[in-house]
Each structure stands twice: as C-alpha cells, then as structure tokens.
Amino acid sequence: MASSRALNIIASFCLLSSFVLLGTSTRQLNQQQDLVSFACNNTIYVEVCMSSLRSYPLSKTADLRGLASIALNLSIAHGKETKYHIHDLKSKSVSESRCLNECKEEYGDAVENLEDSVHALRIRFYDEVNTLVSAAMTDSDTCDDCFTEIDQVRENPLTERNEYFHKLCSNFLSITKLLF
C-alpha cells in the first residue's frame with residue numbers, strides 16, 4: 001500500500017512536471033512571437049517587418065539585439081541582390097544606361113555603408129549606425145532621382161526594389177532605437 005501510494009505520488013509529480021515544462025515551452029514560444037510583434041509594431045512598415053523577420057529562421061530564438069542584427073542582414077542581402085539585378089538589366093537608351101550605372105554605384109556604396117554598420121551595431125555605436133544606414137537609404141533615393149530626372153523613361157525598373165530596400169532599412173533603424 002505504501003509503495004502504491006509512493007508510485008502515485010511519483011506519477012503525479014511526473015505528470016505535473018510535464019505540464020509545467022509544456023507550459024514553459026509554450027510561454028517561451030509566445031514570448032518570442034511577441035518579441036517579433038513588439039519589435040515590428042514599433043516600425044513604420046509593420047507588415048514588411050513581420051514577413052521579413054519571420055521568414056528568417058533565427059528570428060524564432062533571437063533577442064532584441066539579434067532581431068536588429070537580422071534586420072540589418074536582410075537589408076544588406078537585398079542591397080546586394082539589387083546591385084546584381086542592376087548588372088543584369090539591359091538598358092533601352094543612353095540616359096537609362098547612365099542611370100543604371102549610377103544606381104549600381106549607389107547600391108555599392110549603400111551595401112558598404114550597411115556592412116560598416118554591422119561593426120557599429122556590435123559595439124553599440126548607435127549614432128554611427130543611424131548615420132551609416134541613413135546614408136545607405138539616401139544612396140537608394142539617389143538612384144531613384146536619376147530616373148526621375150530623365151523624361152524619356154516612363155518607368156524606373158528599380159522602383160519596387162528601391163522602395164523595399166528603404167522599408168527594410170527604416171525597419172532596422174526603428175528596431176535599433178529599441179536598444180537604447
């Protein structure tokens with residue numbers, strides 16, 4: 001009888017422990033989802049933030065600094081992809097060719113600024129991060145300006161890419177401000 005009671009107590013303890021562990025795991029998962037939501041709800045482009053961060057597997061376990069780093073890496077990757085995309089575009093006119101060359105150079109500068117901000121983020125030089133990322137955003141705006149200045153081109157082939165780059169960078173800056 002005593003051994004039966006002891007077994008019941010042990011079984012109850014094990015069952016209770018399982019529920020506690022399950023509850024803790026669920027709470028941690030919800031807290032992590034809430035961290036991404038919290039970070040993204042402090043940005044201007046919430047949906048872009050949510051979709052880009054949640055598509056990155058490491059965001060599931062990242063803290064706020066980790067989410068900022070992921071957002072920066074996503075901006076860098078998109079900048080590099082845009083630079084390669086520009087290289088693959090065929091120009092239809094001399095003026096468009098000039099703009100594509102300018103954009104390729106601007107995105108080279110933008111990516112370099114973002115890569116420099118990786119170190120600044122790591123050592124918590126947030127003013128430098130802000131300056132470098134703002135410069136990268138200006139670089140993509142300069143790319144847009146070239147196409148706006150020429151009348152012959154009706155549509156900038158980089159508009160969507162430039163806008164998305166701007167949104168990624170803006171989201172990164174907003175998340176970084178949460179670290180202060």
Novice: Backbone N or O of Ala39 within a donor-acceptor pair of the Thr43 side chain at under 3.5 Å?
Specialist: no

Novice: Less than 4.5 Å apart, side chain to side chain, heavy atoms only: is that true for Arg161 and Glu81?
Specialist: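 Yes, their side chains come closer than 4.5 Å.
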
Novice: Taking all heavy atoms of Leu100 and all of Ile86, pick out the closest pair and write down the distance.
Specialist: O-CG2, 3.3 Å

Novice: List the atom of Ile70, the atom of Leu58, and the distance in Å for their closest heavy-atom pair.
Specialist: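 Closest heavy-atom pair between Ile70 and Leu58: CD1-C, 3.8 Å.
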
Novice: Is there a path from Leu132 to Leu114 through hydrophobic residues (I, L, V, M, F, W, Y) whose side chains come within less than 4.5 Å of each other?
Specialist: no

Novice: Supply the atom-to-atom distance Asp127 CG to Phe180 CZ, rounded to the nearest 0.5 angstrom.
Specialist: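 One gets 6.5 Å once the value is rounded to the nearest 0.5 Å.
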
Novice: Could you tell me whether a side-chain N or O of Ser140 sits under 3.5 Å from a main-chain N or O of Met137, the two making a donor and an acceptor?
Specialist: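 Between the backbone of Met137 and the side chain of Ser140 there is a qualifying donor-acceptor contact (under 3.5 Å).
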
Novice: State, yes or no, whether a side-chain contact exists between Leu67 and Phe38 at a heavy-atom distance under 4.5 Å.
Specialist: no

Novice: So, taking the atom named CG in Asn41 and the one named CG in Asp34, what distance separates them when rounded to the nearest 0.5 Å?
Specialist: 10.0 Å

Novice: Which atom pair, heavy atoms only, marks the closest approach of Val36 to Ser59?
Specialist: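 Reported closest heavy-atom pair: CG2-O, 4.2 Å.
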
Novice: Grab the two heavy atoms, one from Thr176 and one from Val129, that are nearest each other, plus how far apart they are.
Specialist: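 Looking at all heavy atoms of both residues, the closest pair is CG2-CG1, 4.3 Å.
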
Novice: Using the rule given for side-chain contact (heavy atoms from CB on, under 4.5 Å), can you reason through Ser117 versus Glu128, listing the C-alpha separation, both sets of side-chain angles and the distance that settles it, and then say yes or no?
Specialist: CA-CA 7 Å; Ser117 68; Glu128 186 174 345; over 6 Å; no

Novice: Just wondering, do Thr82 and Val111 contact through their side chains at under 4.5 Å, heavy atoms?
Specialist: no

Novice: After noting the C-alpha distance and the side-chain angles of Leu173 and Ser134, does the key distance pass the side-chain contact (heavy atoms from CB on, under 4.5 Å) rule?
Specialist: CA-CA 9 Å; Leu173 288 175; Ser134 295; 4.1 Å; yes

Novice: Would the distance check show the side chain of Ser170 and the main-chain N or O of Lys167 forming a donor-acceptor pair, the cut-off being under 3.5 Å?
Specialist: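 Such a contact is absent between Ser170 side chain and Lys167 backbone.
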
Novice: Which pair of non-hydrogen atoms, one from Leu168 and one from Leu74, has the smallest distance, and what is that distance?
Specialist: CD1-O, 3.8 Å

Novice: Got Cys146 and Thr142 here, is their nearest side-chain heavy-atom distance under 4.5 Å?
Specialist: no

Novice: Would you call Lys80-Glu115 a salt bridge at under 4.0 Å N-O?
Specialist: yes

Novice: With sequence neighbours left out, what residues match Tyr107 under ring-ring contact (aromatic ring centres under 6.0 Å, His included)?
Specialist: Phe165

Novice: Determine which pairs satisfy ring-ring contact (aromatic ring centres under 6.0 Å, His included) with at least one residue from residues 43-82, sequence neighbours left out, and list them in order.
Specialist: His78-Tyr164

Novice: From Leu158 CG over to Asp144 CG, what is the distance, rounded to the nearest 0.5 angstrom?
Specialist: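 Separation between the atoms: 8.0 Å.
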
Novice: Once you round to the nearest 0.5 Å, how far does CG of Asn130 lie from OH of Tyr126?
Specialist: 12.5 Å

Novice: Quick one, Glu106 with Cys99, criterion side-chain contact (heavy atoms from CB on, under 4.5 Å). Give me CA distance, side-chain angles, the key distance, then yes/no.
Specialist: CA-CA 10 Å; Glu106 293 296 337; Cys99 287; over 6 Å; no

Novice: With rounding to the nearest 0.5 Å, note down the distance linking NE2 in His87 to SG in Cys103.
Specialist: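 So the NE2 of His87 and the SG of Cys103 are separated by 15.0 Å.
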
Novice: Do Lys90 and Pro157 make a side-chain contact, defined as non-hydrogen atoms from C-beta onward lying under 4.5 Å apart?
Specialist: no

Novice: Do Phe147 and Leu89 share a hydrophobic cluster, counting only Ile, Leu, Val, Met, Phe, Trp and Tyr and linking them when any side-chain heavy atoms are less than 4.5 Å apart?
Specialist: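 Yes, because Phe147 and Leu89 connect within a single hydrophobic cluster, where side-chain heavy atoms sit under 4.5 Å apart.
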
Novice: Just verifying a value: how many Å separate Asp109 CG and Cys143 SG, rounded to the nearest 0.5 Å?
Specialist: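 Between atom CG of Asp109 and atom SG of Cys143 there are 11.5 Å.
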
Novice: Going by disulfide bond (SG atoms under 2.5 Å apart), name the residues that satisfy it together with Cys49, two or more places apart in sequence or in a different chain.
Specialist: Cys40

Novice: Which atom names give the shortest non-hydrogen contact between Leu35 and Leu64, and what distance separates them?
Specialist: CD2-N, 3.8 Å

Novice: In terms of hydrophobic clustering (I, L, V, M, F, W, Y; side-chain heavy atoms under 4.5 Å; direct or indirect links), are Leu121 and Leu178 co-clustered?
Specialist: yes

